[in-house]
Amino acid sequence: MEKHKIIIDTDPGHDDALAIILLAKSGLFDIQAITTVAGNSTVQNTTNNARYILDLINSNIPLYSGSTNPLKRDLVQADVHGKSGLDGANIIKQEKLMNDAVDQIIDIVKNNPQQVTILAIGPLTNIATALTKDTSLSSSIKEIVIMGGAITVPGNKNRVAEFNIFVDPDAADIVFRSPVKKTLVPLDVCNEVFLTLDDFEQLKKSSLYEPIHDMMKHYIKGINTFEKTTGAIMYDPLAAYFLINPEAYTTIPMDVQIETNSELTRGMTVADRRTWGDKNPNIFVVKSADRKIFTDDFIKILKS
Ligand code: BDR
Ligand code: CA
């Protein structure tokens, strides 16, 4: 049987790194491309980091660099991943940037209509640019699975916004309005799923153990400063695992719009949670994820 074609649009990022490793090692997908975007760090750094991860797993998945800045705003980089975006990893190679990710996304999708799922685990700049550049693209995309947003919980960047949506709310607005099938994996579920350094000890016999351990040490320290959790929050891997085992999740269709005007609530995912009135659902929102199934499978796949 043909493998499910996917594109991973990403800003590695410690949790992005784990998401890429998880999907690549699962062997379940035909990963057509990894496309990078500025977010956790500059696009130069996120692309260097993506190459580092691919080298780590001896993968030749095509890597394309993308947007350097959010659509209309300056880049705000993350605090938890360190300056490089992947502190703790031994990154020495500078990747040559072609910034052709948007064109590659368009080509891959157009050549495989209704077959490609895009996993978007960084700011949505590349995806929005692709949808705007080719207005017929939306009808050819199978689905976009997005890590982002905070529906009923506080934000992790400002009071109400999750980082990926905060960084480029204008891009998120375009994507959320597009008629493509979309699934959102928000902070509400991600916050509940984290792994401690002890959990990563289960990888002891794997060649990935040391590099992952070194990366997670930095990530957990960073996360702990802000979120006060003692483990690595599995934001992007939880969104990635949705592609592997959607049965482990429950979703509900919701009407979610993005705040693009206010500074105070910039990037808020404003969901219509009222019990009354007509609704125009534009996205499936993950309500729950089976933490045990995710964790067991995640470790099993990484160990393999
Ligand atoms: C998201 O922001 C980034 O720092 C992570 O990689 C993840 O995609 C969590 O809010
Ligand atoms: Ca990310």
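Numbers for residues simply follow the sequence, beginning at 1. Read the numbers this way: they start at 1 and go in the same order the structure lists the ligands and their atoms.
Below 4.0 Å from some heavy atom of N156 lie the following atoms of ligand 1, by number and element: 9 (C), 10 (O). For ligand 1, the atoms sitting less than 4.0 Å from at least one non-hydrogen atom of H81 are 3 (C), 4 (O), 5 (C), 6 (O), numbered in the order shown with element in parentheses. Counting atoms of ligand 1 from 1 in the listed order, those under 4.0 Å from a heavy atom of M147 are 1 (C), 7 (C), 8 (O), 9 (C).
There is a side-chain donor-acceptor pair under 3.5 Å between D199 and T196. For the residue pair N280/D255, the side-chain donor-acceptor check at 3.5 Å is not satisfied.
From the protein, the heavy atom lying nearest to atom 3 (C) of ligand 1 is N40 OD1, 3.2 Å. Scanning the protein for heavy atoms near atom 8 (O) of ligand 1, the closest one is D236 OD1, 2.7 Å. Annotation: atom 2 (O) of ligand 1 to nearest protein heavy atom, F163 CD2, 3.3 Å. In this structure, the protein non-hydrogen atom closest to atom 1 (C) of ligand 1 is E162 OE2, 3.2 Å. Closest to atom 6 (O) of ligand 1 among all protein heavy atoms lies D15 OD1, 2.6 Å.
A tilted orientation is assigned to the rings of Y249 and Y241, their planes being inclined by 30° to 60°.
Ligand 1 does not have K157 within reach: every non-hydrogen atom of the residue lies 4.0 Å or more from it.
Close N/O approach between N164 and ligand 1 is found [any backbone or side-chain N/O within under 3.5 Å]. Taking any N or O of I121, backbone or side chain, at least one lies under 3.5 Å from an N or O belonging to ligand 1.
At a threshold of 4.5 Å between non-hydrogen side-chain atoms, the residues L22 and L302 count as touching.
For D11, the N, O or S atom closest to the Ca ion (ligand 2) goes by the atom name OD1. Note on D236: its N/O/S atom closest to the Ca ion (ligand 2) is OD2.
Atoms CG and OG, from L131 and S136 in turn, are 10.0 Å apart once rounded to the nearest 0.5 Å.
With a heavy-atom cut-off of 4.0 Å, H14 does not touch ligand 1 at all. With a heavy-atom cut-off of 4.0 Å, D16 touches ligand 1 through its side chain alone.
When atom types are taken as modelled, the side chain of D100 and the backbone of D103 share no donor-acceptor pair closer than 3.5 angstrom. Remark: side-chain polar atoms of T10 are not paired, donor with acceptor, to backbone N or O of G122 under 3.5 angstrom. Within the 3.5 Å criterion, the main-chain N or O of S84 finds a donor-acceptor partner in the side chain of D87. Of the possible polar contacts, none joining the E95 side chain to the N48 backbone as a donor-acceptor pair under 3.5 Å is found.
Rounding to the nearest 10°, we obtain 80° for the angle at the Ca ion (ligand 2) between I121 O and D16 OD2.
Judged by the 6.0 Å distance and 45° axis criteria, K181 is positioned over the aromatic ring of F284.
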